[in-house]
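See structure below.
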Amino acid sequence: MKINNQVANASLNTLQQAQQKQSEQLASGKRINRAADDAAGLLIANRLSSDINATTQGQRNLYDGIGLAQVYEQNLSNISTSVMEMQQLSVAAGNGAYSDADKQALQQQYESKAQEIQATIDNASFAGQPLFDGNSVQFNTGESFTALKTGDVAAELTTQNVFSADLSTQAGAAAAADSSKNALAYLDQLRSEAGAAINGFASQARNLNNQQVNVSQARSGIQDADYAKTSSDKTATDILAKASVSVALQARISQQQALNLLS
C-alpha cells in the first residue's frame, strides 16, 4: 500500500509541475520561459532576437540617413535658388543701357546673395553634423555600412569665382554669368546624388523591415506558445490532477479503514 501511495504522489507531483509550466506559458505567451523548457530552442530564439534588435537599429540608422540627406538636399536647393538669382543679376549687369549706379546696385544685390549662400553653408547641419564639409557620412545598417558623400560647396564655389564677381564691366558680368552657370551644374549634381542616397536608404530600410518580419515569424514559431493547444493541454492536466488527488485520498481512506479493522 505504501508503494502505491508513493507512485500516486509522484504522479501528482509530475502533474502539478506540468500545471505550473502550462500556467507560465499561458501567462507569458511563450513556450520557452527558461532553458529547462527547451535549451536548444532558447539559444536559437535568443540569436534571432539579437538579429532582430540589430535590424531594428539598422532601420533607425537608415531613417536618420534619409533625414540627413533630405536636409542636405533642401539646403542645396536654397543655395541653387540664390545662385540662379546671382546669374540673373550677372546677365542684367551686361545690359549696356544700365548706368554705373545701376550696375553698382546690381553688384550689391549680388554680394548680398553670396553672403546668404555663405550663411547657409556655415549653418547647415543635422544633429550637430555639418552638411557641407565634403566628408562622407556613414550609417550602419546592422549588416554593412552605407554612406552619403557631402560636397565642400564653399570651396567649389570659391574655385569657380562665384563669390568674387565684378559686375561693373561687360567682361566681368559675362564671367560671373558663366561662373553661376557652372555652379548650378555642380549643385544639381550634388542634389541628384542626395536624391539617389535617399532612395537607396529607403530601399535598404524596406528590405530590413521585410527581413525583420521574417525573422520575427521564425522566432515566434520557436519561442511563442500555441495558446489554444496549451489551454487544451492544461485543461486535460487539471482533470488528471484532480483525478490523481481523488485517487490518493481514496487510497489513504482505504488504508486507514484497513488499519482500523486490524486494530
Side-chain angles (χ1 to χ4, degrees), residues 54-93 106-165 167 175-213:
T55 301
T56 299
Q57 185 59 56
Q59 290 181 71
R60 293 187 186 129
N61 292 348
L62 287 169
Y63 290 136
D64 284 341
I66 291 172
L68 184 146
Q70 288 175 332
V71 173
Y72 174 66
E73 194 278 329
Q74 182 58 56
N75 279 279
L76 286 172
S77 176
N78 293 339
I79 294 172
S80 292
T81 298
S82 295
V83 173
M84 286 180 186
E85 295 178 6
M86 294 166 76
Q87 183 183 37
Q88 184 177 359
L89 292 169
S90 300
V91 174
L106 292 172
Q107 180 75 38
Q108 290 176 351
Q109 293 180 53
Y110 186 100
E111 292 174 356
S112 176
K113 290 299 176 183
Q115 291 173 1
E116 289 179 7
I117 291 174
Q118 191 62 60
T120 298
I121 293 172
D122 292 341
N123 296 325
S125 65
F126 184 88
Q129 172 71 44
L131 296 181
F132 294 114
D133 56 4
N135 289 329
S136 181
V137 186
Q138 292 191 331
F139 301 92
N140 189 342
T141 69
E143 298 178 337
S144 61
F145 285 88
T146 187
L148 169 66
K149 180 70 170 64
T150 63
D152 189 345
V153 177
E156 183 64 26
L157 296 188
T158 298
T159 299
Q160 295 181 5
N161 297 318
V162 173
F163 295 138
S164 58
L167 306 185
D178 287 341
S179 295
S180 298
K181 181 179 180 180
N182 292 334
L184 286 172
Y186 166 72
L187 293 169
D188 285 344
Q189 178 62 33
L190 292 183
R191 293 181 67 184
S192 176
E193 292 171 0
I198 291 171
N199 291 335
F201 292 159
S203 177
Q204 291 181 74
R206 287 193 297 270
N207 290 338
L208 287 179
N209 182 67
N210 291 335
Q211 179 179 325
Q212 183 184 34
V213 169

Report the distance from atom [atom1] of [X] to atom [atom2] of [Y], rounding to the nearest 0.5 Å.
X: Asp152; Y: Leu157; atom1: CG; atom2: CG; answer: 9.5 Å
X: Ser82; Y: Tyr110; atom1: OG; atom2: OH; answer: 11.0 Å
X: Glu116; Y: Thr81; atom1: CD; atom2: OG1; answer: 10.5 Å
X: Ser77; Y: Leu190; atom1: OG; atom2: CG; answer: 12.5 Å
X: Ser80; Y: Arg191; atom1: OG; atom2: CZ; answer: 5.0 Å
X: Asn182; Y: Gln87; atom1: CG; atom2: CD; answer: 9.5 Å

Do the side chain of [X] and the main chain of [Y] share a donor and acceptor less than 3.5 angstrom apart?
X: Thr158; Y: Ala154; result: yes
X: Thr120; Y: Ile79; result: no
X: Ser144; Y: Asn140; result: no
X: Ser180; Y: Ala176; result: yes
X: Ser192; Y: Asp188; result: no
X: Lys113; Y: Val83; result: no
X: Asn61; Y: Thr141; result: no
X: Ser112; Y: Gln108; result: no
X: Asn209; Y: Ala205; result: no

(Q) For Leu148 and Ser136: C-alpha separation, side-chain torsions, deciding distance, then whether side-chain contact (heavy atoms from CB on, under 4.5 Å) applies. (A) CA-CA 6 Å; Leu148 169 66; Ser136 181; over 6 Å; no

Minimum heavy-atom distance [X]-[Y], with the two atoms named:
X: Ser179; Y: Asn161; result: OG-CB, 4.2 Å
X: Ala69; Y: Ile198; result: CB-CG1, 3.4 Å
X: Ala114; Y: Met86; result: CB-CE, 4.0 Å
X: Leu208; Y: Gly58; result: CD1-C, 3.9 Å
X: Leu89; Y: Leu106; result: CD2-CD2, 3.7 Å

Q) Does CD in Gln88 sit with more than 12 non-hydrogen atoms of other residues, nucleotides or ligands closer than 6.0 Å? A)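 No, the 6.0 Å shell around CD holds no more than 12 heavy atoms from other groups.
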
Q. Hey, mind stepping through Leu131 and Leu68 against side-chain contact (heavy atoms from CB on, under 4.5 Å) and telling me if it holds?
A. CA-CA 8 Å; Leu131 296 181; Leu68 184 146; 3.8 Å; yes

**Q.** Phe139/Phe145 under ring pair (Phe, Tyr, Trp, His ring centres under 6.0 Å): CA gap, chis, key distance, verdict
**A.** CA-CA 6 Å; Phe139 301 92; Phe145 285 88; 9.8 Å; no

**Q.** CA sep, side-chain torsions, deciding dist, call: Phe132, Asn75, side-chain contact (heavy atoms from CB on, under 4.5 Å)
**A.** CA-CA 10 Å; Phe132 294 114; Asn75 279 279; 3.6 Å; yes

Q: Test side chain to side chain donor-acceptor pair (under 3.5 Å) on Gln70 and Gln74 and set out the steps.
A: CA-CA 6 Å; Gln70 288 175 332; Gln74 182 58 56; over 6 Å; no

Looking only at the side chains, is there a donor atom on one of [X] and [Y] sitting less than 3.5 Å from an acceptor on the other?
X: Gln138; Y: Thr146; result: no
X: Asn207; Y: Gln211; result: no
X: Glu111; Y: Gln107; result: yes
X: Gln204; Y: Gln59; result: no

(Q) Would you say the ring centers of Phe126 and Tyr72 fall short of 6.0 Å from each other? (A)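 Ring-ring flag for Phe126/Tyr72: false, centres at least 6.0 Å apart.
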
(Q) side-chain contact (heavy atoms from CB on, under 4.5 Å) for Ile121 and Ile117? Distances and angles first, verdict last. (A) CA-CA 6 Å; Ile121 293 172; Ile117 291 174; 3.8 Å; yes

